[in-house]
Structures are given as C-alpha cells and as structure tokens.
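Reminder, nothing fancy here: chain letters follow the sequence lines and each chain counts from 1.
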Protein chains: 2
Amino acid sequence: MIIKIGELAKISGCSVQTIRHYDKEQLLSAKIRSDGNFRLYDQADIERLLFIKHCRSLDLSLAEIRQLLSLNDSPMSQCDDVNQMIEQHIEQVERRIADLTQLNKQLKALRLSCNSKRTVEHCGILKQLNEAVSQTN
Amino acid sequence: MIIKIGELAKISGCSVQTIRHYDKEQLLSAKIRSDGNFRLYDQADIERLLFIKHCRSLDLSLAEIRQLLSLNDSPMSQCDDVNQMIEQHIEQVERRIADLTQLNKQLKALRLSCNSKRTVEHCGILKQLNEAVSQTN
DNA sequence: ATTGACTCTATAGTTACTATAGACTTTAAA
DNA sequence: TTTAAAGTCTATAGTAACTATAGAGTCAAT
Ligand SMILES: [Zn+2]
Ligand SMILES: [Zn+2]
Ligand SMILES: [Zn+2]
Ligand SMILES: [Zn+2]
C-alpha cells in the first residue's frame with residue numbers, strides 16, 4: 001500500500017506541512033517519489049511517523065527523536081544513551097513544573113490585590129508591580 | 001543622572017541587546033540620543049525597565065507588558081483589563097502545569113521499563129515507544 | 001482537453017531574545 | 001593631539017518547531 005502525503009497526514013493526524021518539515025529535518029524522508037516528484041510512503045513510514053508523533057507528545061525534541069530513531073535502527077547499541085536522554089528530559093520537565101508552580105503562586109497573590117471596580121490609578125496589581133520595581137532599584 | 005545603554009544593562013541586569021530589543025518593540029524607547037546617536041536614559045527609564053523585567057519574570061509576554069504599561073500610563077482606565085489578562089495568564093500557567101505533570105508520569109513509567117545493561121534491541125523504553133505506535137495504528 | 005484537488009519548493013512569520021559584522025563614537029592615556 | 005581601547009550604532013541571521021503563504025507543476029475524473 002503506497003500513499004501520498006495528504007493521506008499520510010489524515011492517517012497520522014499530522015499536517016502536511018509538518019510531514020514535509022520532518023522530511024527536511026531528516027526524521028522521515030520519503031525514499032521514493034512519483035514521476036511527478038510527489039512523495040510516496042509505505043506502511044513502515046506510517047509507523048515511523050506515529051513513533052515520532054508519540055515522542056513529540058512526550059515533548060521530546062526533534063533532535064532527541066532523531067537520536068532515538070537512529071538507536072532504534074542499530075539494535076546492538078547500548079541502552080545507556082536512551083536512558084540518559086529520558087532521565088535528563090524528566091529532570092527538565094520537573095524543573096519546569098517547579099518554576100511554573102512558583103510562578104502560579106505569585107500570579108495568584110497578584111490577582112488577589114485587585115477588586116476590579118477601581119480605576120487603574122488605584123489598582124492593586126499595578127501598584128504591586130510598581131512596588132516590586134522600587135524595591136529592586 | 002543620565003546613563004548610556006551599557007550602564008543601564010548593568011543596573012538592570014538585562015543585556016544590552018535585550019534593551020535594544022525592547023526599544024525596537026516600543027516597550028522602552030530612549031527619548032533622547034547623544035550627538036553621536038547613543039541612547040541616553042534617566043531614572044524613569046530605569047524604573048520602567050525594572051517593571052518590564054519583573055513582568056517578564058512572571059512570564060508575561062511582551063505584548064501583555066506593553067498593554068500593562070499603557071494602562072499604567074493612563075490612570076483613569078478601569079482595572080478590568082488588567083485583571084482579565086492576569087487571570088488568563090494564570091489559567092494558561094495552570095494548564096501547562098497540568099500537562100507537564102501528566103507528561104512527567106508517562107516519562108517516569110517509560111524510564112522504569114529499562115534497566116540499562118541491555119542492548120537497545122531489547123530495550124523496554126524503545127519497545128514501549130514502538131508499541132504505543134502499533135496501538136494507535 | 002479541461003477542471004479541480006493535490007502536491008511541489010521556497011520563503012516569511014511566529015516569540016523573545018542572542019550573536020554576529022562592519023562602521024562609528026567616546027573616553028582616556030601617551 | 002594623536003591614538004587606541006572600549007563602547008555603541010544598525011542591520012541581519014540564528015534559535016525551535018512548526019504554520020502559512022505564493023506560484024508553479026501534477027494527478028484523477030469527466
Ligand atoms: Zn528533552
Ligand atoms: Zn486593579
Ligand atoms: Zn500571558
Ligand atoms: Zn533500554
């Protein structure tokens with residue numbers, strides 16, 4: 001079964017442009033083209049794209065996915081590289097969660113300092129933002 | 001007290017390029033220039049930049065900050081706009097935290113499926129990633 | 001043969017910077 | 001006063017992972 005890019009897009013849920021982008025980025029290259037230069041894909045390509053999509057849903061970067069794909073393609077390499085990447089990625093995600101949680105606290109405190117019916121002249125939010133400035137300064 | 005961009009950078013902790021960038025983006029324009037066209041700043045500019053920096057630390061976008069600054073400059077406008085912006089921002093942050101928390105769970109499960117001393121041929125991580133694909137398909 | 005849907009490449013835009021290059025200005029020492 | 005170092009200027013390109021065009025060519029059905 002051989003399909004063109006539009007159908008691959010439908011099957012995979014990726015956009016046509018995204019698939020072309022992965023081609024340019026060497027993640028999923030169409031090995032064959034039609035006479036008129038249309039990209040042609042087979043079952044293996046579908047699976048590879050779904051693999052990529054799943055990895056993206058885990059927020060892995062294209063560079064990381066490229067590495068996973070190449071490890072996947074050479075079965076005798078060791079697990080360590082895969083492991084290390086996933087671990088670093090986990091750390092990064094956890095750091096980001098911690099940052100955002102902190103941020104969320106500050107934003108909520110800020111939100112509480114305003115009760116909507118004033119002019120901004122007396123707005124607690126802007127007052128707080130301005131005060132933070134004069135403290136730093 | 002009038003200073004040039006390099007000193008403003010030192011005082012504020014922003015880079016020189018960042019300050020130039022804020023100039024281009026109309027967040028902090030140097031109202032006067034030296035004879036040789038160097039940007040010149042005063043105390044009010046320092047405070048404005050610190051305000052911007054504080055807002056950025058809350059992850060507000062430059063567009064949002066531009067809006068805050070303009071509200072700040074017209075004291076008779078109402079608080080509602082400020083409030084709504086902050087609330088939307090909070091929602092967005094909370095959504096992102098929820099996403100990342102979910103992600104973190106998946107990544108940890110993935111990590112547990114490998115014990116490092118195998119070749120990737122038998123790697124649980126890659127196996128799982130590949131299985132996820134054939135399920136979707 | 002013609003039409004409409006599809007695909008092609010190349011290019012620009014998104015966000016908030018960062019990093020150059022090449023030219024000009026300022027400041028301080030010689 | 002000349003000169004050299006340090007600072008600054010604009011303009012441009014790069015970052016990540018797409019998204020959205022434009023303009024041209026291809027394919028499938030009538
Ligand atoms: Zn990562
Ligand atoms: Zn208010
Ligand atoms: Zn926001
Ligand atoms: Zn493994």
Just verifying a value: how many Å separate [X] [atom1] and [Y] [atom2], rounded to the nearest 0.5 Å?
X	Y	atom1	atom2	answer
B/R111	B/Q128	CZ	CD	12.0 Å
A/R96	B/I97	CZ	CD1	9.5 Å
B/L100	A/T101	CG	OG1	9.0 Å

Taking the side chain as everything from C-beta on, heavy atoms only, tell me whether [X] gets closer than 4.5 Å to [Y].
X	Y	answer
A/D45	A/K31	yes
A/C55	A/L68	yes
B/I46	B/Y41	no

Under 4.0 Å: is that the gap between some side-chain N or O of [X] and OP1 or OP2 of [N]?
X	N	answer
A/S15	D/dT19	yes
B/R39	D/dT8	no
A/R66	D/dA17	no

Between the two end axes of the helix from C/dA1-D/dT30 to C/dA30-D/dT1, each built from 5 base pairs, what angle do you get to the nearest 10°?
->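 Its terminal axes enclose an angle near 30°.
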
Near-strand residues of residues 20-38 of chain B, defined as heavy-atom separation under 4.0 angstrom from DNA chain D =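 When residues 20-38 of chain B is checked for heavy atoms under 4.0 Å from DNA chain D, the hits, listed by number, are B/R20, B/K24, B/R33, B/N37, B/F38.
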
Within residues 81-96 of chain B, residues whose heavy atoms come under 4.0 Å of DNA chain D =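 Nucleic-acid contacts, sorted: none.
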
Round to the nearest Å and state the distance from [X] atom [atom1] to [N] atom [atom2].
X	N	atom1	atom2	value
A/L49	D/dA17	CG	P	16 Å
A/E64	D/dA17	CD	C1'	13 Å
B/Q17	D/dG7	CD	P	13 Å
A/L62	D/dT15	CG	P	13 Å
A/I19	D/dC18	CD1	C1'	13 Å

Among A/V120, A/L126, A/L129, the one residue meeting side-chain contact (heavy atoms from CB on, under 4.5 Å) with B/N72 |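 Option passing the side-chain contact (heavy atoms from CB on, under 4.5 Å) with B/N72: A/L126.
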
Can we say A/R48 and A/D42 salt-bridge, meaning some charged N sits less than 4.0 Å from an Asp/Glu carboxylate O?
->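 Salt bridge absent between A/R48 and A/D42.
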
Pairwise 5' ranking along DNA chain D for A/R56 and B/G6, keeping only the more 5' one |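 The answer here is B/G6.
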
Listed pairs under 3.5 Å, donor-acceptor, residues 2-12 of chain A side chains, sequence neighbours left out:
from, atom 1, to, atom 2, distance (Å)
A/S12, OG, A/L8, O, 2.8
A/S12, OG, A/A9, O, 3.3
A/S12, OG, A/C14, N, 3.1

Work out which heavy atom in A/R56 is nearest to a heavy atom in A/S61; give both atom names and the distance.
->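 Where A/R56 meets A/S61 most closely, the heavy atoms are NH1-CA, 4.1 Å.
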
Between A/S34 and A/L40, which heavy-atom pair has the shortest distance, and what is it?
->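 The pair with the smallest heavy-atom distance is N-CD1, 3.6 Å.
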
Distance-only donor-acceptor hits, side chain of residues 19-30 of chain B, under 3.5 Å, sequence neighbours excluded:
from, atom 1, to, atom 2, distance (Å)
B/D23, OD2, B/R39, NE, 2.8
B/E25, OE1, B/R66, NH2, 3.3

Crowding at CE, B/M76 (>12 non-hydrogen neighbours, <6.0 Å) =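 Check fails, neighbour count at 12 or below.
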
Extract, from 5' to 3' on DNA chain C, the first and final nucleotides lying under 4.0 angstrom from some heavy atom of chain B.
->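 Span of nucleotides near chain B: C/dA16 to C/dT27.
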
From CA spacing to verdict: side chain to side chain contact (heavy atoms under 4.5 Å, CB included), A/E94, B/K108 | CA-CA 11 Å; A/E94 288 181 344; B/K108 280 184 161 164; 2.8 Å; yes

